[in-house]
K.L.:
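After the C-alpha cells below, expect a handful of questions from me.
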Amino acid sequence: MVIVGGGMAGTRLAQQLAATAAEGGVEVTVIGEEPHPAYNRVLLAEVLAGRYAPDVIALPAPAAARRLGGVRAVRIDRDPGEVVCDDGRRVPYDTLVLATGSNPVLPPLRGLFGPHGHELPDGVHAFRTMDDCLALAAAVRPGVRAVVIGGGLLGVSAARALAQRGAQVVLAHQGEHLMERQLDAGASEVLRRHVETLGVEVHTECRVRGLRTRTVDGSTAGGGGKADGGGRAVSAVELADGYALEADLVVLACGVRPRVGLARAAGLEVARGVVVDDELRTSDPRVFAIGDCAEHDGVLYGLAGPAQDQADVLARVLSPVPASHLVVGNRSARRNGWAQPGHRAAAGDETGPRYTGSRTLTRLTLASAADPLGPAPLDLAAFGETTPAPGDDVVHLADATRNAYRKVVVRGDRLVGGILLGDLGSVGALARTWEGDEPLPSAPLLHLLTNDGGS
C-alpha cells in the first residue's frame with residue numbers, strides 16, 4: 001500500500017493502519033515531498049508567532065510505515081501499478097492512496113513574477129508549509145513592514161503572528177469583511193476590532209493590483225517587476241486606487257487549490273478535486289484519495305477535521321484485519337456510522353464502512369504577546385449554516401464592552417449553525433449537539449447561549 005502525501009491526512013491514515021498492517025501482511029509506504037517530519041499544519045501560525053518550536057507540532061511517526069521524506073511523486077503508472085519519483089525510484093503498489101493536499105493560490109498580481117521566470121521576489125511568501133513558516137520567521141523582526149494579502153482564516157492568523165513578533169502589519173482584504181466564509185458582518189466587526197488592538201492595520205474592500213520591487217543594488221523595478229538584472233526584492237504593494245503600501249515582507253494568504261496534477265495525468269476522474277465515492281475510491285478501483293485533494297459528493301473541504309474523518313473511514317475500508325482493532329475518534333465514528341466491527345470492503349460492497357461527509361467547525365484563538373496589560377485573547381468558533389433560511393429561529397447576543405458575540409440558528413428542534421466569539425464556555429455542548437444532530441432541549445432558546453451551552 002502506497003500513500004502519496006506525508007501531511008496530516010496521509011499520516012493519519014498510516015497511523016490508523018499501523019496497528020493492523022503487520023498483522024495483515026501489508027507493507028505501507030508514505031511518500032512525502034516535504035523533508036520535515038509530518039506536523040500539525042493548523043498550528044503553523046503558532047510557530048510563526050514564536051509560541052511553539054517546530055518539533056512541538058510534529059505528529060507521531062507511524063510505527064510500521066516506511067517513509068520516503070523529501071521525495072516527490074512525479075507520475076503514476078496505473079499499469080503495472082507504480083509511482084515514479086523525482087529521484088528515479090519506482091515504488092510498486094497494489095493499493096494507492098492520494099493524499100496530495102493543496103497548493104496556495106498565487107493571485108495574478110503585476111510584479112509577482114519576473115519576465116523570465118516563476119520565482120517570487122525576495123520578501124514575498126506563501127504561508128502553507130513548514131518551509132514557508134520558517135522562512136517568514138527568519139525574515140520578521142521588530143519594526144519590519146509586512147503586508148498580508150487575504151483576510152480569511154489563514155490571513156488573520158498570519159497577521160496576528162507577525163504582529164506578535166513586532167512587525168508593523170497591514171492586512172489587505174478584498175471582501176467586505178474578514179473571514180466572510182465563516183462569519184457574518186457583526187461577528188467580523190468584533191474580530192476586526194480585536195485584530196486592530198493587536199497592532200494590525202485592517203483594510204477591507206481593498207483590492208491589490210500589484211507589487212513594486214527593487215533590484216538587489218537598490219534600484220526600483222516597476223509594477224511589472226522589470227529590472228536590469230540582479231535579484232528582486234519587494235518594496236511596496238500597489239492597491240487598485242493607486243495607493244502604495246511600503247513593504248519589506250508580503251504574505252500571500254489568498255486561499256488554496258487541490259493538487260490534482262498527478263491524478264489528472266494518470267487519467268483519473270477529476271472535477272475541482274479528485275472525485276471519490278463513499279469508500280473514498282477514485283475512478284480506478286485500486287486508487288483512493290483523501291484530504292484536501294479529494295472531492296466527495298461535490299464537496300471540497302480543505303480542512304483538517306474532514307481530512308482526518310476521511311483517513312479514519314479509509315483505514316476501515318482498507319484494513320486487512322477486523323476493523324475493531326483500529327482506534328477511531330468519536331467524532332468520525334458518530335458521523336460515519338461504523339461503531340460496530342467491520343471488514344475490508346470490496347469495490348461496490350454496500351455493507352462496509354462509508355464516508356457520509358463531515359460537519360466542519362472552525363476554531364481560532366487570537367492571543368497577543370505575553371503582556372498582562374495587553375488585550376485579552378479572543379476565541380472564535382463557527383460551524384454549520386450561519387445564514388438563516390426562511391422559518392429558522394435565530395438567537396443572537398452581542399456585548400461590545402466584553403468583545404462578545406453569539407449567534408445560533410435553529411431549524412425546528414435542531415441546531416443547524418452558530419458563530420461564537422469571546423468567552424467560549426458554551427461551544428463544547430453546542431458543538432456536540434450540532435455534530436450529533438441531536439434534538440435540542442425544551443428549555444428556552446436563549447439558554448443555548450449561557451456559559452454551559454444549555455447542558
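Only a predicted model underlies this, so the values are computations on that prediction, with no experimental measurement involved. Residue numbers run from 1 in the order of the sequence given.
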K.L.:
Is a side-chain N or O of T433 found less than 3.5 angstrom from the main chain of E438, in a donor-acceptor match?
P.N.:
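No; zero donor-acceptor contacts below 3.5 Å.
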K.L.:
Whether E119 and R232 form a salt bridge (side-chain N of Lys/Arg under 4.0 Å from carboxylate O of Asp/Glu) is what I want to check.
P.N.:
no
K.L.:
Applying side chain to side chain contact (heavy atoms under 4.5 Å, CB included) to Y39 and L44, what does each step give before you reach the verdict?
P.N.:
CA-CA 9 Å; Y39 54 88; L44 278 178; 4.0 Å; yes
K.L.:
List the steps and the verdict of side chain to side chain contact (heavy atoms under 4.5 Å, CB included) for L262 and V74.
P.N.:
CA-CA 7 Å; L262 272 177; V74 296; 5.6 Å; no
K.L.:
If only atom types and distance count, is the side chain of T282 paired as donor or acceptor with the main-chain N or O of V287 below 3.5 Å?
P.N.:
yes
K.L.:
Is there a donor in the side chain of D184 and an acceptor in the side chain of H177, or the other way round, less than 3.5 Å apart?
P.N.:
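Not at all, the side chains of D184 and H177 share no donor-acceptor pair under 3.5 Å.
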K.L.:
Any side-chain donor-acceptor pair under 3.5 Å between H296 and D277?
P.N.:
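Their side chains do not contain a donor-acceptor pair, so the 3.5 Å distance test is not met.
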K.L.:
Before you tell me yes or no, could you show the steps for E238 and R207 under salt bridge (Lys or Arg N to Asp or Glu O under 4.0 Å), namely the whole-Å CA-CA distance, both residues' side-chain angles and the distance that decides it to 0.1 Å?
P.N.:
CA-CA 9 Å; E238 284 188 2; R207 188 168 66 85; over 6 Å; no
K.L.:
So E246 and S235, do their side chains get closer than 4.5 Å, heavy atoms only?
P.N.:
no
K.L.:
Let's go through D241 and R209 carefully: what are the C-alpha distance in whole Å and the side-chain angles of both, what is the deciding distance for salt bridge (Lys or Arg N to Asp or Glu O under 4.0 Å) to 0.1 Å, and is it a yes or a no?
P.N.:
CA-CA 9 Å; D241 61 5; R209 181 170 62 187; over 6 Å; no
K.L.:
Assess whether salt bridge (Lys or Arg N to Asp or Glu O under 4.0 Å) is satisfied between D122 and R214, documenting all intermediate values.
P.N.:
CA-CA 10 Å; D122 290 347; R214 56 179 174 80; over 6 Å; no
K.L.:
A side-chain contact here means heavy atoms from C-beta on lying under 4.5 Å apart; do T360 and F383 qualify?
P.N.:
no
K.L.:
Looking only at atom types and distance, does a side-chain atom of K407 sit under 3.5 Å from a main-chain N or O of L420, one as donor and one as acceptor?
P.N.:
no
K.L.:
Checking R411 against E385 for the salt bridge (Lys or Arg N to Asp or Glu O under 4.0 Å) test, could you report, in this order, the C-alpha distance in whole Å, the side-chain angles of both residues, the deciding distance, and whether it holds?
P.N.:
CA-CA 10 Å; R411 187 170 300 154; E385 301 177 43; 3.0 Å; yes
K.L.:
Verify the distance criterion only: is there a donor paired with an acceptor across the side chains of S102 and R259 at less than 3.5 Å?
P.N.:
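No donor-acceptor contact under 3.5 Å links the two side chains.
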K.L.:
Is any NZ, NE, NH1 or NH2 atom of the basic residue among R406 and D399 found under 4.0 Å from an Asp or Glu carboxylate oxygen of the other?
P.N.:
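Result for this pair is no, no salt bridge flagged.
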K.L.:
Using modelled atom types and a 3.5 Å cut-off, is there a donor and acceptor pairing between side-chain atoms of R192 and backbone atoms of V202?
P.N.:
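A pair under 3.5 Å: yes.
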K.L.:
Strictly below 4.0 Å, N to O, side chains only: are R128 and D292 in salt-bridge contact?
P.N.:
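Here R128 pairs with D292 in a salt bridge, since their nearest N and O are under 4.0 Å apart.
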K.L.:
Taking atom types as modelled, is there a side-chain donor on E196 or H194 under 3.5 Å from an acceptor on the other?
P.N.:
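The criterion, which ignores hydrogens and geometry beyond distance, is not satisfied for H194 and E196.
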K.L.:
Surrounding CZ of R193 (heavy atoms of other residues, nucleotides or ligands, distance under 6.0 Å), is the total greater than 12?
P.N.:
yes
K.L.:
Can you say whether the rings of Y355 and Y301 are parallel (under 30°), tilted (30 to 60°) or perpendicular (over 60°)?
P.N.:
perpendicular
K.L.:
Would M179 and L364 count as a side chain to side chain contact (heavy atoms under 4.5 Å, CB included) here? Give the steps.
P.N.:
CA-CA 11 Å; M179 290 182 61; L364 179 65; 4.2 Å; yes
K.L.:
Within the distance-only criterion (no hydrogens, no angle test), does the side chain of N103 pair as donor or acceptor with the backbone N or O of R257 below 3.5 angstrom?
P.N.:
no
K.L.:
When F288 is tested against each of V317, L96, L98, V276 for side-chain contact (heavy atoms from CB on, under 4.5 Å), which residue passes?
P.N.:
V317
